[in-house]
Structures are given as C-alpha cells and as structure tokens.
Amino acid sequence: MYDYDLLVVGSANADLVIGVERRPGAGETVLGSDLAVHPGGKGANQAVAAARLGARTALLARVGDDAHGRLLLESQREAGVDTVGVLVGGAPTGVALITVDPSGDNSIVVSPGANGRLAPEDVSAAGCLFQGSRVVSAQLEIPLETVAAVVRNLAPDSRFVLNPSPPRPLPSEVLAACDPLIVNEHEAKVILGSAAVGDSPEDWARILLAKGPRSVVVTLGAEGALVASSEGVSRVPSVKVSAMDTTGAGDAFTAALATRLGAGESLAEAAEYAARVGAATVTKKGAQASFPTAAEVAALCSADPGDTPRTPGHRADGTGASGSQGGSR
C-alpha cells in the first residue's frame with residue numbers, strides 16, 4: 001500500500017512576474033507592469049497541481065531560510081502537499097524572472113539558489129518517501145546527479161516520469177528509467193542533438209524511444225500531445241481555450257499525467273486527461289494559482305476536441321457547466 005500517489009523531486013522557486021507589451025530584444029529596455037511575486041518552480045508547481053487534482057502528493061525539494069522559502073512552504077501546505085521532504089537552508093530560495101506578453105507567451109530566466117544544493121545524499125536520506133510512492137517525477141532545475149540518484153532510489157514497482165526542463169543531454173541510466181520522458185518541441189531537439197531527423201513530432205518521438213526511454217510524450221501546446229511506446233505512436237487531442245498565460249501549463253500537464261498513470265490508466269488515456277488539465281491552466285494568470293481542481297477539469301471535459309474556445313466551467317453556448325467549482329477562468 002502506497003502512502004503517496006506522487007512524489008515530486010525538484011525545484012521550488014519564487015516567480016517574479018512582469019507583464020510586457022512585447023518581450024525585449026538584445027540590448028533593449030521595455031516598460032512592464034507592477035511586479036507580482038508567486039510561488040513557483042517546476043517541482044513545486046507539479047506538486048501543487050497534483051494535489052489540486054486530488055492526488056496524495058509529497059515534495060522533496062530545498063528552499064532558503066527566507067521570505068520566499070516561507071511563501072513556498074505555505075503554498076504547498078495550503079494545496080495539501082506533504083512537505084516533510086522539503087529541506088530548508090544552504091542558500092537563498094531559487095528565483096524565476098518571468099515576462100508575459102499579451103498573447104500569454106512567456107520568457108523565463110531561473111536563478112537556482114537552494115535548488116542547486118539539493119544533493120544526491122538528500123535523495124538517499126529520503127528513502128521512506130521513495131518506498132511509499134507509486135509514481136516519482138523529476139525535472140532538471142535541480143542538479144543532474146541528483147536526478148540520477150532519484151533513479152537509483154526508486155522502489156521496485158514505482159514509475160519514473162521526467163520532464164527534462166531546462167533541457168540538456170541525459171545519461172543512459174536516466175533515460176532508461178523514464179516511463180515516460182515528457183518533452184516539448186524545444187526539449188526534444190536539445191536531447192536529440194545531432195540525432196534530430198525530420199520535422200514531425202512522430203519522428204522525434206521514435207528517435208527518442210530508440211535512445212532508451214520506456215515511453216515518450218511530446219507536448220504540442222494547443223494541439224494536445226503525442227504518445228509513443230513499444231505499442232506505437234498516436235496523437236492525443238486537447239480542447240480549444242482562450243489562452244491568457246502559459247506559465248505552468250507544462251508542469252500541470254506532467255503532474256496530471258503522472259497521477260493518472262499511477263491510477264492505472266494507459267499512457268494515451270493519461271495524456272488526454274493531462275492535455276485538458278494543461279488547457280484549463282492557460283485560461284488563468286500565474287502558475288500555481290491557475291492549476292485547476294478535478295471538478296474544473298471535468299467541466300472542461302464536457303467540450304469535444306476542436307470545439308469553440310471556452311473557459312472551464314462554461315459550455316460552448318456560454319452557460320455554466322454543471323459540477324464546476326470554479327468561476328470564469
């Protein structure tokens with residue numbers, strides 16, 4: 001019997017967000033909105049997203065002994081995440097500098113801070129969390145050697161999910177454990193490197209599979225996702241929404257997919273649900289503040305793939321969808 005549906009091992013950052021009319025070019029200064037500070041980081045985001053969907057979730061991360069660290073711990077606890085694995089001290093809390101343009105697209109620069117101090121020995125010391133977790137997910141905003149330690153400490157029957165962001169070449173040990181490896185177009189091309197052949201996500205997925213992962217998921221934004229395994233390659237649709245801010249959408253997708261896999265769904269089924277969670281996320285500003293509950297996703301799921309853009313909790317005709325716990329998003 002597992003204590004947790006999902007253990008997230010990864011980063012916890014304070015997101016410093018500024019809205020801009022357009023993102024600056026090299027050497028250019030542009031004026032933006034007032035600064036907003038939100039809890040973020042890919043690891044912390046995934047943990048909150050999973051907990052919002054009802055998963056029993058734990059986070060293994062490191063934050064600084066500072067105001068940003070306290071903000072992050074509070075946000076995790078409010079979402080229902082078990083923070084027994086969150087270590088405090090060693091460096092200032094990590095910070096992400098984010099600009100968001102009117103279309104909802106963002107640019108992000110991350111200062112790792114305490115995230116860079118999450119070490120392999122911290123992973124080894126958290127053996128009880130790994131033994132009690134059905135699925136373990138990680139990202140690359142922590143040291144790569146720490147991610148490798150995660151792979152070595154997995155329980156025999158647990159499943160490992162990796163979103164290699166920010167992307168870098170991965171050792172064979174890590175690739176072989178991924179089930180799935182979740183990438184977007186940019187991440188896929190970085191990991192493939194000179195092996196990149198063809199322009200289609202299907203090509204990337206097949207070549208990535210040949211590198212060792214047990215399965216691969218390529219996220220395609222508004223077009224949904226593509227799943228690939230030894231059973232074949234297939235596309236998974238999403239629903240059309242009016243995007244406001246794409247920050248955190250990939251983290252919500254990964255969290256949703258990981259929790260559904262842990263519940264016994266097939267990769268395609270889990271990815272279809274995750275695509276809808278990602279779609280719901282982009283309809284609201286911010287990262288963690290935009291993550292939907294299971295009820296909000298269920299309301300969005302009343303839409304057919306390719307339907308007219310809508311917000312969670314509203315049908316295509318503009319009327320409220322039954323069972324939604326959220327307002328207009």
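One is the number of the first residue; the rest follow in order along the sequence.
Nearest heavy atom pair, residue Ala12 against residue Ala61, reads CB-CB, 4.5 Å. Considering all non-hydrogen atoms of both residues, Pro171 and Leu144 come closest at CD-CD2, 3.9 Å. What you find for Ala274 and Ala256 is that their closest heavy atoms are CA-CB, 3.8 Å. Taking all atoms of both residues into account, the shortest heavy-atom contact from Leu208 to Pro213 is O-CD, 3.1 Å. Between Val218 and Ala205, the shortest heavy-atom distance links the atoms CG2-CB, 4.2 Å. Minimum heavy-atom separation, Ile108 to Ala96: CG2-CB, 4.1 Å.
Checked by atom type, the side-chain pair Glu187/Asn163 shows a donor-acceptor distance below 3.5 Å. For the residue pair Ser137 / Gln46, a side-chain donor-acceptor distance below 3.5 Å is found, with atom types taken as modelled.
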Worked check of salt bridge (Lys or Arg N to Asp or Glu O under 4.0 Å) between Glu173 and Arg152:
CA-CA 9 Å; Glu173 175 187 23; Arg152 298 186 197 112; 2.9 Å; yes
For Tyr2 and Leu7: C-alpha separation, side-chain torsions, deciding distance, then whether side-chain contact (heavy atoms from CB on, under 4.5 Å) applies.
CA-CA 11 Å; Tyr2 291 100; Leu7 168 63; over 6 Å; no
Show the numbers, then the answer: is there a side chain to side chain donor-acceptor pair (under 3.5 Å) between Arg23 and Thr99?
CA-CA 7 Å; Arg23 286 173 284 179; Thr99 59; 5.3 Å; no
side-chain contact (heavy atoms from CB on, under 4.5 Å) assessment of Leu73 paired with Val88
CA-CA 10 Å; Leu73 281 168; Val88 178; 4.2 Å; yes
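Using a 4.5 Å heavy-atom cutoff, the side chains of Ile18 and Ser33 are in contact. The closest side-chain heavy-atom distance from Leu170 to Leu181 is below 4.5 Å. Residues Pro180 and Val161 are in side-chain contact: their nearest non-hydrogen atoms beyond the backbone lie under 4.5 Å apart. A heavy-atom distance below 4.5 Å is not found between the side chains of Val183 and Trp204. In this structure, the side chains of Leu261 and Arg134 stay at 4.5 Å or more apart for every pair of heavy atoms. For the pair Glu78 and Gln288, the minimum side-chain heavy-atom distance is 4.5 Å or more. With a 4.5 Å cut-off on side-chain heavy atoms, Asn13 and Glu141 count as touching. No side-chain heavy atom of Gln139 sits under 4.5 Å from any side-chain heavy atom of Ser165.
The hydrophobic cluster containing Leu267 does not contain Leu209, counting ILVMFWY residues as joined when their side-chain heavy atoms lie under 4.5 angstrom apart, directly or transitively. Linking ILVMFWY side-chain heavy atoms closer than 4.5 Å, directly or via other members, places Leu175 and Val9 in a single hydrophobic cluster. Residues Leu154 and Val135 do not share a hydrophobic cluster, defined by chaining ILVMFWY side chains whose heavy atoms lie under 4.5 Å apart. Under the 4.5 Å side-chain heavy-atom criterion for ILVMFWY residues, no single connected hydrophobic cluster contains both Leu87 and Val81. Residues Val216 and Val151 fall within the same hydrophobic cluster, defined by Ile, Leu, Val, Met, Phe, Trp and Tyr side chains chained together at heavy-atom separations under 4.5 Å.
Judged purely by atom type and a 3.5 angstrom limit, Asp101 uses its side chain to pair as donor or acceptor with the backbone of Ser103. Between the Thr254 side chain and the Asp251 main chain, no donor and acceptor come within less than 3.5 Å of each other. The main-chain N or O of Val95 is never found under 3.5 Å from a side-chain atom of Ser111 such that the two would form a donor-acceptor pair. Of the possible polar contacts, one joining the Thr93 side chain to the Gly69 backbone as a donor-acceptor pair under 3.5 Å is found. Panel note: side chain Arg159, backbone Asp179; a donor-acceptor pair is recorded below 3.5 Å.
In this structure, the separation between CZ on Arg62 and OG1 on Thr146 is 10.0 Å, given to the nearest 0.5 Å. Going from atom CZ of Arg206 over to atom CG of Leu226 covers 8.0 Å, rounded to the nearest 0.5 Å. Here the straight-line distance linking atom CD1 of Ile142 with atom CG of Leu140 works out to 8.0 Å at 0.5 Å rounding. In this structure, CG on Leu6 lies 5.5 Å from OG1 on Thr57, to the nearest 0.5 angstrom. The CG atom of Leu53 sits 8.0 Å away from the OG1 atom of Thr293 when rounded to the nearest 0.5 Å. Atom OG1 of residue Thr259 and atom CD of residue Glu265 lie 8.5 Å apart, to the nearest 0.5 angstrom.
The residue from Asn153, Asp82, Val84 that alone fulfils the side chain to side chain contact (heavy atoms under 4.5 Å, CB included) condition with Leu129 is Val84.
The pair Arg70-Glu74 does not count as a salt bridge, with every side-chain nitrogen at least 4.0 angstrom from each carboxylate oxygen. For the pair Asp5 and Arg56, the salt-bridge criterion is met [side-chain N within less than 4.0 Å of a carboxylate O]. We find that Glu296 and Lys284 are not joined by a salt bridge, their nearest charged nitrogen and carboxylate oxygen being 4.0 Å or further apart.
The number of heavy atoms from other shown groups lying within 6.0 Å of CD (Glu223) does not exceed 12. Surrounding CD of Glu21 are at most 12 heavy atoms belonging to other residues, nucleotides or ligands under 6.0 Å away. Other residues, nucleotides and ligands place more than 12 heavy atoms under 6.0 Å from the CG atom of Leu35.
In this structure, Arg52 is not positioned above the aromatic face of Phe291 in the sense of NZ or CZ being under 6.0 Å from the six-membered ring centre and within 45° of the axis.
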